[in-house]
Novice: 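Let me give you the structure first, and then I'll get to my questions.
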Amino acid sequence: MIRLSALNKVRTVAVVAAAGLAAAACTSPVAGSRGMYAQPIGSAPVIANPTPYSPALYCLADWARANGRPSPRIAVGRIADYTGQVGENGRVITQGASLMAITALGKAGARQVERYDTSVSEMEMRYSGAMILGEGEAETPGGPAEPRRLIAGSVPGSDYVIQGGVTEVNFNIRNTGAEVGGQNAGQDDPSTGGLFQLRWAVMNVALDLRVVDTRTQEIVDVISYQKQLIGREVSLGVFDFLNGNTFDLSAGTSGHEPVQLAVRALVERAVLEIMANLYGAPGPEACLAVSGDPLFGTVGPTGGYYPAYDNIGTNNAGSRADPSRWHDRRDRDVRGSRY
């Protein structure tokens, strides 16, 4: 039997206090030599953010290029959250589904025109119309540059626009659990016991998209998907009563599929089907026939781009998804620089 004396209690309090002071020492009210009160924790590098459908998207882009299937010009409109679900920390569903669709189209090698946020472009066009927007460098330092000219037909139009929204969030589609507990309470022995809990919960989120021909306003494609998500919680607790002192030891783990990542997966699957139709791809077997694409590498897990220079073989295309690239603690080239 364990007995706590007054001395042991004092020692316990002292240890706890010392641990608290040690933790407090990590933060100072006086900024250090680097201009910070405390060093932020965490050093995980930036990594790509793919879904299980991302490889098929950039495989589709490679197939289209290898087979001479040009992409129509596509714009992304508003893909809004129509669920109206609000939690304790704000919206349950991401408000950035349109941005996810733009990235997914980039992975698929689609030609895109900006229609989601044209505020800067419209402002520069107004400045150009007023002859106050300069183009290039000024001939004399501090002097005016050549005015940018508005040329008729210089802004390409879109062929299709993708619009829609997240239309469903259903919680507790299925909620199951199990609980096992036991206790030993004798008159002569201390009371001890334990409890084991296991819970599972299922929810889903759904997306509806449409493709509109911008010349005729005809809806040429409609697609709807849903994805179920699962969450689990496991906990184990042991408690003991010793001479009037209560001890409770518990441990557990919980986790659930990220809701916003599920929305991204829905968007990527929908964009994949839309682009496969616009490219005329036969299906997933198209991924087996890709070979010899000179622009291979301009699409990948991080999105897609048009090369600014003719240096595909030496630029950063192949390293965009490398978690160590450009990281000051992981990349030798950066670590060995003078900065």
Side-chain angles (χ1 to χ4, degrees), residues 46-62 64 71-87 89-120 158-170 203-212 214 219-230 256-279 281 298-306 320-321 323:
V46 174
I47 62 173
N49 192 23
T51 76
Y53 301 101
S54 297
L57 283 169
Y58 38 89
C59 152
L60 185 64
D62 294 334
S71 166
R73 293 191 182 98
I74 301 176
V76 175
R78 188 173 67 165
I79 303 177
D81 169 24
Y82 293 105
T83 65
Q85 296 289 339
V86 180
N89 298 318
R91 295 274 188 175
V92 174
I93 297 297
T94 175
Q95 307 299 289
S98 295
L99 308 181
M100 295 179 180
I102 293 171
T103 302
L105 287 167
K107 293 178 181 180
R111 297 180 66 188
Q112 299 187 67
V113 291
E114 179 62 64
R115 297 295 183 269
Y116 185 70
D117 183 1
T118 60
S119 57
V120 173
S158 64
D159 298 307
Y160 301 101
V161 59
I162 298 177
Q163 302 174 131
V166 181
T167 50
E168 291 185 43
V169 173
N170 301 301
M203 63 175 287
N204 84 326
V205 58
L207 175 80
D208 289 82
L209 294 184
R210 65 188 183 275
V211 182
V212 181
T214 53
I219 298 176
V220 297
D221 199 351
V222 175
I223 198 160
S224 177
Y225 283 120
Q226 67 128 339
K227 175 174 169 46
Q228 290 192 346
L229 298 88
I230 193 166
H256 58 80
E257 291 185 67
V259 177
Q260 319 310 344
L261 186 58
V263 174
R264 185 182 294 276
L266 287 168
V267 169
E268 289 202 351
R269 174 65 192 277
V271 168
L272 178 60
E273 299 292 348
I274 290 169
M275 290 307 300
N277 178 42
L278 294 177
Y279 281 142
T298 60
V299 296
T302 61
Y305 70 100
Y306 290 99
R320 285 192 165 196

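In this text the structure is predicted, and so the values were computed from the model without any measurement.
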Novice: Identify, with sequence neighbours excluded, every residue that meets side chain to side chain donor-acceptor pair (under 3.5 Å) alongside Asn204.
Specialist: Asn170, Gln226

Novice: My understanding is that only residues two or more places apart in sequence, or in another chain, count here; which of them pass side chain to side chain contact (heavy atoms under 4.5 Å, CB included) with Tyr225?
Specialist: Ile223, Leu266, Arg269, Ala270, Glu273

Novice: Filter on salt bridge (charged side-chain N to carboxylate O under 4.0 Å, His left out), then keep only pairs touching residues 107-116, sequence neighbours left out; what's left?
Specialist: Lys107-Glu268

Novice: Under the side chain to side chain contact (heavy atoms under 4.5 Å, CB included) rule, collect the residues that match up with Val161, sequence neighbours excluded.
Specialist: Ala75, Gln163, Val212, Thr214

Novice: On a heavy-atom basis, which atom in Ser158 and which in Val113 lie closest, and how many Å separate them?
Specialist: CB-CG2, 3.6 Å

Novice: Which residue pairs pass the salt bridge (charged side-chain N to carboxylate O under 4.0 Å, His left out) test when at least one of the two sits in residues 47-59, sequence neighbours left out?
Specialist: none

Novice: Kindly say whether Tyr306 contributes a backbone atom to a donor-acceptor pair with the side chain of Thr298 at under 3.5 angstrom?
Specialist: no

Novice: With sequence neighbours left out, which residue pairs that include part of residues 257-266 fulfil the side chain to side chain donor-acceptor pair (under 3.5 Å) condition?
Specialist: Lys227-Glu257

Novice: Strictly distance-based, threshold 3.5 Å: is any side-chain N or O of Tyr160 a donor or acceptor partner for the main-chain N or O of Leu278?
Specialist: no

Novice: Do you know the tightest heavy-atom contact between Ser71 and Met275?
Specialist: OG-CE, 4.0 Å

Novice: With sequence neighbours left out, write down each residue that passes side chain to side chain donor-acceptor pair (under 3.5 Å) with Asp117, or none if nothing qualifies.
Specialist: Ser119

Novice: Should we count CD1 of Ile230 as having more than 12 external heavy atoms under 6.0 Å?
Specialist: yes

Novice: Suppose we screen for side chain to side chain contact (heavy atoms under 4.5 Å, CB included). Which residues come up paired with Ala80, at least two apart in sequence or across chains?
Specialist: Arg78, Tyr82

Novice: Can you tell me if Tyr53 has over 12 outside heavy atoms packed within less than 6.0 Å of its OH?
Specialist: no

Novice: Holding to side chain to side chain contact (heavy atoms under 4.5 Å, CB included), I want the full list of residues that pass it with Pro301, two or more places apart in sequence or in another chain.
Specialist: Ala48, Pro50, Tyr58, Ala321

Novice: Under the rule for salt bridge (charged side-chain N to carboxylate O under 4.0 Å, His left out), what residues qualify as partners of Asp208, not counting sequence neighbours?
Specialist: none

Novice: For Asp81, what residues pass the side chain to side chain donor-acceptor pair (under 3.5 Å) criterion, not counting sequence neighbours?
Specialist: Thr83, Gln95

Novice: Closest approach of Ala262 and Val205, non-hydrogen atoms and distance?
Specialist: CB-CG1, 4.0 Å

